[in-house]
Amino acid sequence: MRTRPTTVDRRTFLLTSAAAALHARSLLAAQGGAKVELGSIDGSVGGNQFTPIQYLDHFSSLKLTWAMLSLPAPTLADEAAIRAVRDHADRLGIKLQLAFGSVCPSARGFNAQLGTLEEQVARALKASQIFGARCMRCVLGGDPERPQIEMHIDNMIKAVRGMRSRILDSGVKLAVENHGGDLQAREMKMMVEAVGTDVMGVCLDSGNPVWMLEDPHMTLEMLIPYAETSHVRDSAVWKVPEGIAVRWVNMGEGNVDIDGWIKKFVAAKPGLPIIFENLVSGNPRIHRIYDVKFWDNWRKMPASELARFLAVAEKGVPKPAAPRPEGKTAGQQRIEDLEVCVKYTRELLARM
């Protein structure tokens with residue numbers, strides 16, 4: 001027969017529970033609120049002539065625990081060099097992902113001088129295995145592909161299907177970035193599903209949607225089921241006489257509700273890191289939406305998607321770039337910008 005706890009028992013229980021709750025709150029505060037790991041791609045601090053080892057050391061100084069590295073071709077062909085990068089990352093407590101280039105054989109960005117697509121992808125998959133990564137970032141192309149995007153999508157689908165067994169055997173999934181200039185979210189979704197989600201996912205970029213006439217939240221909603229990794233930065237969007245201006249800015253300086261974007265990302269993909277690709281723009285990119293010829297590259301875009309983008313622009317104000325202080329290099333400025341973004345995001349996560 002069950003007995004009621006004595007007064008002492010209840011008091012002990014309450015004190016123990018309170019102590020446990022206090023400890024949990026203290027632990028959560030020490031971890032910075034929501035438990036989300038942060039990292040960066042090397043391009044966030046480009047212009048400093050860092051080696052992969054120096055990138056890792058810099059990210060470690062910011063207490064980042066993930067790094068996405070773009071390895072030069074000679075390094076990708078040298079397994080010992082790749083292992084040296086992995087060993088250094090392990091010593092720093094940093095997890096690695098590879099930032100690879102185009103896997104579309106018809107894209108201008110694909111460099112056939114480095115070998116066939118199959119040879120290049122095989123090297124990248126091997127490097128990713130050495131890194132201990134489950135995915136590798138890659139792209140279709142960029143602006144040059146947009147006029148014939150459907151042809152390039154077909155070519156990429158055929159190419160990746162031809163490497164399906166190799167990709168599956170590697171245990172490394174292709175994470176295709178919704179890249180600035182090439183694919184809109186709806187096209188990305190179609191391509192990933194056509195290839196198969198067992199070999200292809202998405203590197204979900206929060207900044208590139210504004211180059212593609214998309215509200216970043218719409219892009220996230222459409223592609224988050226396929227996200228394997230991320231690129232995160234803020235954007236400013238506003239109206240100009242020619243149409244719509246867009247700039248990439250430091251975290252918290254834009255008007256696309258980057259806070260809400262991160263909250264949605266964390267809620268949908270709690271195990272994935274936030275990886276910064278902080279690329280503060282100089283001059284804005286102008287979408288000349290009142291020019292009929294502008295729409296040659298966007299004829300299949302649904303009006304409902306454009307309406308969401310226009311609604312973001314309606315709420316924007318001009319955000320011109322501040323001149324870089326005299327004597328400061330572009331690389332030094334990028335280092336400072338990344339520090340701003342890391343600090344802002346940590347404070348955001350602490351409030352979540």
Side-chain angles (χ1 to χ4, degrees), residues 139-150 153 177-192 202-227 230-265 267-268 277-322 348:
V139 301
L140 183 150
D143 282 320
E145 283 63 61
R146 189 65 207 171
Q148 296 177 294
I149 193 62
E150 292 179 346
I153 291 172
E177 181 182 345
N178 52 304
H179 204 217
D182 58 10
L183 293 166
Q184 291 191 304
R186 147 184 42 81
E187 296 160 340
M188 284 276 299
K189 180 177 186 294
M190 179 277 292
M191 184 177 71
V192 170
V202 170
C203 174
L204 184 56
D205 190 297
S206 67
N208 287 330
V210 300
W211 274 35
M212 308 305 292
L213 309 181
E214 292 179 341
D215 171 4
H217 289 260
M218 188 218 72
T219 308
L220 179 144
E221 292 158 12
M222 193 171 291
L223 297 181
I224 193 66
Y226 314 99
S230 68
H231 285 170
V232 175
R233 61 187 172 282
D234 203 352
S235 303
V237 183
W238 69 95
K239 297 175 67 177
V240 293
E242 306 94 322
I244 307 297
V246 302
R247 272 190 67 232
W248 295 326
V249 296
N250 279 329
M251 295 290 285
E253 296 178 3
N255 65 302
V256 297
D257 183 19
I258 196 65
D259 292 16
W261 194 98
I262 287 177
K263 290 174 183 177
K264 290 177 183 178
F265 181 87
E277 187 182 28
N278 203 53
L279 305 170
V280 175
S281 307
N283 294 326
R285 183 182 179 96
I286 305 296
H287 296 299
R288 302 180 184 276
I289 63 173
Y290 305 122
D291 182 347
V292 174
K293 288 191 64 62
F294 171 83
W295 292 100
D296 288 348
N297 288 347
W298 313 97
R299 293 195 179 279
K300 294 188 178 182
M301 182 179 187
S304 60
E305 294 179 10
L306 177 62
R308 289 187 64 169
F309 179 67
L310 294 177
V312 176
E314 287 286 347
K315 296 182 291 185
V317 296
K319 196 80 175 181
L348 169 64

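The figures here come from the full heavy-atom set of this structure, side chains too, leaving out hydrogens, waters and symmetry mates. Index from 1, following the sequence.
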Please find the pair of heavy atoms, one from [X] and one from [Y], that lie closest to each other, and give the distance.
X      : Y      : result
Trp298 : Trp211 : CH2-O, 4.1 Å
Pro209 : Pro216 : CB-CA, 3.9 Å
Gly282 : Ala321 : O-CB, 3.4 Å
Asp234 : Gly252 : OD2-N, 2.9 Å
Arg186 : Glu214 : N-OE2, 4.5 Å
His217 : Asp257 : NE2-O, 3.0 Å

I'd like to know if the side chain of [X] and the backbone of [Y] have a donor-acceptor N/O pair within less than 3.5 Å.
X      : Y      : result
Glu242 : Ile286 : no
Arg247 : Val280 : no
Arg285 : Val246 : no
His231 : Glu177 : no
Trp261 : Ser206 : no
Trp248 : Gly207 : yes
Glu145 : Gly142 : yes
His179 : Gly141 : yes

*Decide if atom CG of Asn283 counts as having more than 12 heavy atoms of other residues, nucleotides or ligands within a radius under 6.0 Å.*
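Counting other residues, nucleotides and ligands, CG of Asn283 stays at 12 neighbours or fewer.
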*asked:* So for atom NZ, which belongs to Lys264, do other residues, nucleotides or ligands contribute more than 12 heavy atoms lying within a distance under 6.0 Å?
replied: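 Buried by this count: over 12 neighbours within 6.0 Å.
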With a 4.5 Å limit on heavy-atom distance, are the side chains of [X] and [Y] in contact?
X      : Y      : result
Arg233 : Asp205 : yes
Met212 : Thr219 : no
Ile289 : Ile244 : yes

If I take atom [atom1] from residue [X] and atom [atom2] from residue [Y], how far apart are they, to the nearest 0.5 angstrom?
X      : Y      : atom1 : atom2 : value
His287 : Leu213 : NE2   : CG    : 5.0 Å
Leu348 : Ile258 : CG    : CD1   : 9.5 Å
Ile149 : Asp143 : CD1   : CG    : 10.0 Å
Gln184 : Lys300 : CD    : NZ    : 12.0 Å
Asp182 : Asn297 : CG    : CG    : 12.0 Å
Asn208 : Asn178 : CG    : CG    : 6.0 Å

_Assess the residue pair Asn255 and Lys319 against the criterion (side-chain contact (heavy atoms from CB on, under 4.5 Å)); give the C-alpha distance rounded to whole Å, side-chain angles, the decisive distance to 0.1 Å, and a yes or no._
CA-CA 10 Å; Asn255 65 302; Lys319 196 80 175 181; over 6 Å; no
_Tyr226 vs Met188, test: side-chain contact (heavy atoms from CB on, under 4.5 Å). Steps then yes/no._
CA-CA 10 Å; Tyr226 314 99; Met188 284 276 299; over 6 Å; no
